[in-house]
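One structure below.
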Amino acid sequence: MQCIGCGECEKSCAETAISFTEQGVMIDRNKCVICGKCTKACPTGAINFVGKSVTVEEAFKEVSKYQAYYKTYGGGVTASGGEPMLQHSFVKELFKVAKENGIHTAVDTSGAVSFDAFEEVLPFTDCVLYDIKLFDSEKHKQYTGLGNELILENLLKIA
């Protein structure tokens, strides 16, 4: 279904993560705590979650199914999709368990997070895949909505 602009999702959000703009409903991912109240409030089902929450133990159980493959052919676990560093505490704990079990770890990131997040994850990370969209900050802002100063600063610190 399509959004009908009723505003019920916005009203239901205690974190004020949802707002209406000329472009439509906007969700501030830095404020959203993924409580699901907005999805329950939406009368048309236009706003919903994709995926599911899992514990570190559940994620590692899935990863460990392929341990024989990793040992034979290489590889391991890669945290990617969206921006995994927004869930850095989870990534850190998953990578910690993976390293304890001899599994290679990699994080695929845009780098647009506080360096504090990297400081937590890097001790348990074998490889960093760093996705730089554009080097020119103005063009970066034009195409992504934010400049790349933090991204480039983090890259230098990681290197």
Side-chain angles (χ1 to χ4, degrees), residues 9 13-18 23 25-40 42 45-159:
C9 58
C13 183
E15 307 300 322
T16 65
I18 300 176
Q23 291 83 26
V25 177
M26 301 300 284
I27 301 173
D28 183 338
R29 303 292 178 190
N30 292 318
K31 289 183 178 179
C32 179
V33 295
I34 313 173
C35 68
K37 290 178 185 171
C38 58
T39 64
K40 292 179 181 107
C42 180
I47 188 168
N48 57 58
F49 288 125
V50 176
K52 65 179 183 175
S53 294
V54 296
T55 65
V56 169
E57 292 76 21
E58 290 169 326
F60 183 73
K61 184 177 179 184
E62 188 65 28
V63 167
S64 65
K65 288 180 185 178
Y66 305 97
Q67 246 175 322
Y69 180 86
Y70 306 145
K71 286 185 178 158
T72 304
Y73 300 103
V77 61
T78 301
S80 66
E83 178 49 66
M85 294 304 291
L86 292 174
Q87 299 178 49
H88 56 89
S89 296
F90 180 88
V91 173
K92 173 187 135 183
E93 293 304 320
L94 177 61
F95 280 13
K96 188 175 180 183
V97 174
K99 297 305 299 166
E100 289 168 356
N101 287 274
I103 297 174
H104 186 273
T105 59
V107 64
D108 186 352
T109 179
S110 72
V113 297
S114 166
F115 192 72
D116 295 344
F118 286 108
E119 287 181 315
E120 281 191 39
V121 174
L122 287 175
F124 308 100
T125 305
D126 295 310
C127 178
V128 177
L129 305 168
Y130 211 85
D131 182 10
I132 298 176
K133 308 283 188 237
L134 293 159
F135 281 99
D136 181 280
S137 187
E138 285 304 312
K139 285 185 180 179
H140 195 278
K141 188 171 186 171
Q142 177 186 348
Y143 289 103
T144 69
L146 78 146
N148 65 359
E149 293 81 10
L150 175 63
I151 294 166
L152 296 176
E153 182 182 311
N154 283 340
L155 178 61
L156 289 173
K157 288 178 181 176
I158 292 169

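The figures that follow rest on heavy atoms only: side chains count, while hydrogens, waters and symmetry mates do not.
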Supply the atom-to-atom distance [X] [atom1] to [Y] [atom2], rounded to the nearest 0.5 angstrom.
X      : Y      : atom1 : atom2 : result
Glu119 : Ile158 : CD    : CD1   : 10.0 Å
Glu120 : Thr125 : CD    : OG1   : 11.0 Å
Gln87  : Ser53  : CD    : OG    : 8.0 Å
Lys31  : Thr16  : NZ    : OG1   : 3.5 Å
Ile27  : Glu15  : CD1   : CD    : 13.0 Å
His140 : Glu149 : NE2   : CD    : 9.0 Å

Any side-chain heavy-atom pair of [X] and [Y] under 4.5 Å:
X      : Y      : result
Val113 : Leu86  : yes
Leu122 : Val128 : yes
Tyr143 : Lys133 : no
Val97  : Ile103 : no
Leu150 : Phe115 : no
Val77  : Phe60  : no
Leu129 : Val107 : no
Glu58  : Glu62  : no

Could you check whether any side-chain N or O of [X] sits under 3.5 Å from a backbone N or O of [Y], counting only pairs where one atom can act as donor and the other as acceptor?
X      : Y      : answer
Asn154 : Gly111 : yes
Asn148 : Leu134 : yes
Asp126 : Ala106 : no
Ser114 : Asp116 : yes
Thr78  : Ser80  : no

Can you establish whether the number of heavy atoms outside Phe135 located under 6.0 Å from its atom CZ is more than 12?
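Check fails, neighbour count at 12 or below.
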
Report yes or no: is the cationic atom of Lys99 (NZ for Lys, CZ for Arg) under 6.0 Å from the centre of the six-membered ring of Phe124, at an angle within 45° of the ring normal?
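Judged by the rule, Lys99 and Phe124 form no cation-pi pair.
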
Minimum heavy-atom distance between [X] and [Y], given as atom pair plus value:
X      : Y      : result
Cys32  : Ala17  : N-CB, 3.6 Å
Leu155 : Tyr130 : N-OH, 3.3 Å
Pro84  : Ala79  : CG-O, 3.4 Å
Phe90  : Val54  : CE1-O, 3.5 Å

Side-chain polar contacts of residues 66-75 - donor-acceptor pairs under 3.5 angstrom, sequence neighbours left out - could you list them?
| residue | atom | partner | partner atom | Å |
| --- | --- | --- | --- | --- |
| Gln67 | NE2 | Asn101 | O | 2.9 |
| Tyr70 | OH | Val63 | O | 3.1 |
| Thr72 | OG1 | Ala68 | O | 2.9 |

Run the salt-bridge test on Glu153 and Lys157 with the 4.0 Å N-O cut-off and return the result as yes or no.
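Yes.
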
Apply side chain to side chain contact (heavy atoms under 4.5 Å, CB included) to the pair Val121 and Thr105, showing each step before the final yes or no.
CA-CA 10 Å; Val121 174; Thr105 59; over 6 Å; no

